[in-house]
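Per chain, numbering begins at 1; letters A, B, ... match sequence-line order.
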Protein chains: 2
Amino acid sequence: MLELDSFLPYRLNVLAKRVSRQLARQYQDRFGISIPEWRVIAILGREQPLSSNDIVERSQMDKAKVSRAVAGLVERGYLSRQVHPDDQRLLRLAFTAEGRALYDRIAPLALDWERRFLAALTPTERAAFTGLLDRLEARLAAMASEDETAYLLSGEANAERLRKAAADMDAGKGILRDIKD
Amino acid sequence: MLELDSFLPYRLNVLAKRVSRQLARQYQDRFGISIPEWRVIAILGREQPLSSNDIVERSQMDKAKVSRAVAGLVERGYLSRQVHPDDQRLLRLAFTAEGRALYDRIAPLALDWERRFLAALTPTERAAFTGLLDRLEARLAAMASEDETAYLLSGEANAERLRKAAADMDAGKGILRDIKD
DNA sequence: CACAGATCGTTTCAAGTGAAACAAATAGCG
DNA sequence: CGCTATTTGTTTCACTTGAAACGATCTGTG
């Protein structure tokens, strides 16, 4: 029987959402920074300058969200946005002096919050926990690519590929049918 | 220095979101059920009938979201919604025959997905992981109530309480000032 | 060199979200 | 009792989200 309290996807979601909210309280009201904006700042904090696309890759946010977060930060004077001289599609995003100062104020708050949160665990437990997270992430990635394969074959969304696959199967290239079912 | 890849709030968020998305693929396309709707169904699966408020408490969703999920499920004939005879503010939400059948089809899919996901860990590791999650949840709850206290005193959001506190401080009851700063 | 396709970042649009206002019903207090 | 406060669930409204369309730029191939 499905017990929601012990159902891991549910537990992870509730925990992650609560963590995000509480952490955001450390900087949202004080600095007027949204969660996506904070992520952009955190990424630039360790590497500069970056293009929007670099930030998309590092942040796991979609490019629209990054675009909006960057626009807000540029508008408020925390980031400078220049066009890359060698490739005019690319931006060169970097902190202004104000942006750097902002990062220097928020980063310690975030790290301190994390430290207080993780004080619930001993160092050994912390290591164990992050190790288990690594494993789960890897498993998830593996399942995602399996699903991707199945997806191409079942084709709810990609009529083009589905038709080709169906044609192949009709043509007797039925090896894939077993995988599909 | 703040390394986003190892920053736990960030890792939890990315993992939880990916888990949700992948799990949702098990039922969204097949049954036209959204994530909030699935949560309502999962909760009713173990206890029936419930009021909207009961579902709010058990699901950690806000009442607007629950209201909309329930409305959708009622409209499509999966739930019956009656007024409670003893308290007409309360609803008595329960599966219809179709709703029960839907639950009986989705729940195994969800559990099976979880089983495949958790196959990344040994039983011992799984137990360790859920135990660590318990501890982190408890820590978060403790931090939330600490914050709640600080919040009432700093009062960004509650002008009423802030004004009272300010009046008290002006009146010389300044014991709280140290806490506030 | 031309041009078809890929890449980058922005914008649009429809859907989802949550805080707050709300109506209806009940509880509690004088 | 009568009236105020609280509880319950819905709706409104402003905002966020992400998929898709888009314009601009670059790349690769013939």
Q: Kindly point out which of C/dT10, D/dG18, D/dT10 is positioned nearest to the side chain of B/Arg81?
A: D/dT10
(Q) From C-beta outward on B/Asp87, which listed nucleotide comes closest to its side chain: C/dT26, C/dA19, D/dG9? (A) C/dT26
Q.
So A/Ser51, base contact, sugar-phosphate only, or nothing? Heavy-atom distance under 4.0 Å.
A. sugar-phosphate
Q | Side-chain N,O (A/Lys17) to OP1/OP2 (C/dT17) below 4.0 Å | A | no
**Q.** Rounded distance in Å - CG (B/Asp86) to C1' (D/dT7)
**A.** 16 Å
Q: Using atom NZ of B/Lys65 as one end and atom P of D/dC13 as the other, report the distance to the nearest whole Å.
A: 21 Å
Q) Tell me, do A/Arg39 and A/Gln60 make a side-chain contact under 4.5 Å, heavy atoms counted? A) no
(Q) I want to verify a distance call: between D/dT25, D/dT10, D/dT17, whose nearest atom is closest to the B/Leu91 side chain? (A) D/dT10
Q: Look at the side chain of A/Arg21 and decide which nucleotide, out of C/dT10, C/dG18, D/dT8, has an atom nearest to it.
A: C/dG18
Q | Test salt bridge (charged side-chain N to carboxylate O under 4.0 Å, His left out) applied to B/Glu37 and B/Lys65, B/Arg68, B/Arg76, the passing residue | A | B/Arg76
Q) Tell me: CZ of A/Arg18 to C1' of C/dG18, nearest whole Å? A) 16 Å
Q. With a 4.5 Å heavy-atom cut-off, do A/Ile106 and A/Arg30 have their side chains touching?
A. no
Q.
Given D/dA19, C/dT10, D/dG9, identify the nucleotide with an atom nearest to the side chain of A/Ala64.
A. D/dA19
Q: Kindly state whether the ring of B/Phe129 and the ring of A/Phe129 have centres lying under 6.0 angstrom apart.
A: yes
**Q.** Base of D/dG9 paired with side chain of B/Arg68 (donor-acceptor, under 3.5 Å)
**A.** no
**Q.** Side chain of A/Leu90 (C-beta onward), nearest among C/dG9, D/dG9, D/dT6
**A.** C/dG9
Q. Should B/Leu133 and A/Leu8 count as side-chain neighbours, where that means a heavy-atom distance under 4.5 Å?
A. yes
Q) Starting at CG of B/Asp62 and ending at P of D/dT8, how long is that distance when rounded to a whole Å? A) 15 Å
Q) Rounded to whole angstrom units, what separation is found between the CZ atom of A/Arg92 and the C1' atom of D/dT25? A) 18 Å
Q | Nucleotide of C/dG9, D/dT10, C/dG18 approaching A/Asn53 most closely (side-chain heavy atoms) | A | C/dG9
(Q) In this structure, how many angstroms lie between the C1' atom of D/dG9 and the NE2 atom of B/His84, rounded? (A) 15 Å
Q | A/Ser34 or A/Pro85, whichever maps to the more 5' nucleotide of DNA chain D | A | A/Ser34
Q.
Tell me the interatomic distance from B/Arg39, atom CZ, to C/dG16, atom C1', rounded to whole angstroms.
A. 14 Å
Q: Please state how far atom CD in A/Gln88 lies from atom P in C/dG9, giving the value in whole angstrom units.
A: 13 Å
(Q) Any N or O donor-acceptor pair under 3.5 Å from the base of D/dG9 to the side chain of B/Lys63? (A) yes
**Q.** Candidates D/dT27, D/dT6, D/dG18 - which lies nearest the side chain of B/Arg89
**A.** D/dT6
Q. Are any of the side-chain heavy atoms of A/Leu121 and B/Leu136 separated by less than 4.5 Å?
A. yes
